[in-house]
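First the structure, in the form of structure tokens, and then the observations on it.
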Amino acid sequence: MKSPVDKLLTKHHGLVHSDGVKVVSHTQREVDDWVQHTLMIEGCDIAFKFKRKQKYKSLKGQRVNMTYYPNLESVAGFEVEVMKVVRIKVH
């Protein structure tokens, strides 16, 4: 039987899954009715972003499993690569 992650990866070919990555920075800010979470991962210079209805406890220093896909955002007229997280699970 396939795990939920395997099903997602099979169905959506652009998705990437990472197991046990360490969070070195976690910020949370309110945007409209949502909370925008931004994570920085050890050994990676690209931000990982996702939205939730409520805040998380700080994930700094935690190991997480994430499923995400690359995305481009425009910041001050520049295209910046970010990772859009679709699934996250804390170890």
Side-chain angles (χ1 to χ4, degrees):
M1 184 173 192
K2 285 187 174 182
S3 71
V5 172
D6 291 334
K7 289 178 186 176
L8 277 173
L9 293 174
T10 302
K11 187 175 180 180
H12 305 281
H13 296 286
L15 285 177
V16 179
H17 182 75
S18 296
D19 282 326
V21 293
K22 186 175 182 181
V23 178
V24 294
S25 173
H26 177 204
T27 60
Q28 304 177 61
R29 64 184 173 90
E30 292 186 21
V31 178
D32 299 323
D33 292 338
W34 294 87
V35 178
Q36 173 73 51
H37 297 264
T38 304
L39 305 176
M40 294 301 291
I41 302 301
E42 187 173 67
C44 185
D45 293 333
I46 298 173
F48 291 76
K49 293 185 169 189
F50 63 97
K51 290 181 182 177
R52 286 187 79 208
K53 283 290 189 180
Q54 66 267 36
K55 288 188 173 187
Y56 259 136
K57 63 180 181 177
S58 178
L59 296 175
K60 185 176 180 181
Q62 297 288 322
R63 295 227 175 248
V64 297
N65 296 345
M66 291 191 299
T67 306
Y68 53 90
Y69 60 92
N71 194 20
L72 290 177
E73 279 187 6
S74 181
V75 178
F78 295 98
E79 292 289 318
V80 178
E81 186 177 22
V82 297
M83 298 298 169
K84 181 81 171 172
V85 178
V86 295
R87 184 173 188 272
I88 187 166
K89 184 169 180 161
V90 180
H91 274 216

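Worth saying up front: this structure is predicted, and the values here are computed from it rather than measured. Just so you know, these numbers use all the heavy atoms, side chains as well, and skip hydrogens, waters and symmetry mates.
Distance check, rounded to the nearest 0.5 Å: CD of Glu42 to NZ of Lys22 gives 5.5 Å. The distance from the OG1 atom of Thr38 to the CE atom of Met83 is 14.0 Å, given to the nearest 0.5 Å. Between atom CD of residue Gln28 and atom CZ of residue Arg52 there is a gap of 9.0 Å, rounded to the nearest 0.5 Å. Here the straight-line distance linking atom CE of Met40 with atom CD1 of Ile46 works out to 8.5 Å at 0.5 Å rounding. Rounding to the nearest 0.5 angstrom, the gap separating the CG atom in Asp33 from the NZ atom in Lys51 is 10.5 Å.
Between Tyr56 and His26, the two ring planes are perpendicular [angle over 60°; tilted spans 30° to 60°].
Under the 4.5 Å side-chain contact rule for hydrophobic residues, Val23 and Val21 share a cluster. Hydrophobic cluster membership is shared by Ile41 and Ile88, with clusters built from Ile, Leu, Val, Met, Phe, Trp and Tyr side chains linked at under 4.5 angstrom. Placement of Trp34 and Val86 in two distinct hydrophobic clusters is found when ILVMFWY residues are connected by side-chain heavy-atom separations under 4.5 Å, directly or transitively. Under the 4.5 Å side-chain heavy-atom criterion for grouping Ile, Leu, Val, Met, Phe, Trp and Tyr, Val90 is connected to Phe48 within one hydrophobic cluster.
In terms of heavy-atom proximity, Leu59 sits nearest to Leu39 at CD1-CD2, 4.0 Å. Nearest heavy atom pair, residue Gln54 against residue His37, reads O-NE2, 3.5 Å. For the residue pair Leu15 and Tyr69, the shortest heavy atom distance occurs at CD2-CD2, 3.8 Å. Contact detail for Glu79 and Leu72: the closest heavy-atom pair is OE1-CB, 3.4 Å. Nearest heavy atom pair, residue Gln36 against residue Phe50, reads NE2-O, 3.5 Å. Residues Gly14 and Pro70 share a closest heavy-atom pair of O-CD, 4.0 Å.
In terms of the salt bridge (charged side-chain N to carboxylate O under 4.0 Å, His left out) criterion, residue partners of Glu73 (sequence neighbours excluded) are, by chain and number, Lys49.
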Q: Just do the side chain to side chain contact (heavy atoms under 4.5 Å, CB included) check on Val16 and Thr67 with the steps written out, would you?
A: CA-CA 6 Å; Val16 179; Thr67 306; over 6 Å; no
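A 6.0 Å sphere centred on NZ of Lys57 holds no more than 12 heavy atoms belonging to other residues, nucleotides or ligands. Enclosure of atom CD in Glu30 is not indicated, since only 12 or fewer non-hydrogen atoms of other residues, nucleotides or ligands lie within 6.0 angstrom.
In this structure, Asn65 contributes its side chain and Gly20 its backbone to a donor-acceptor pair below 3.5 Å.
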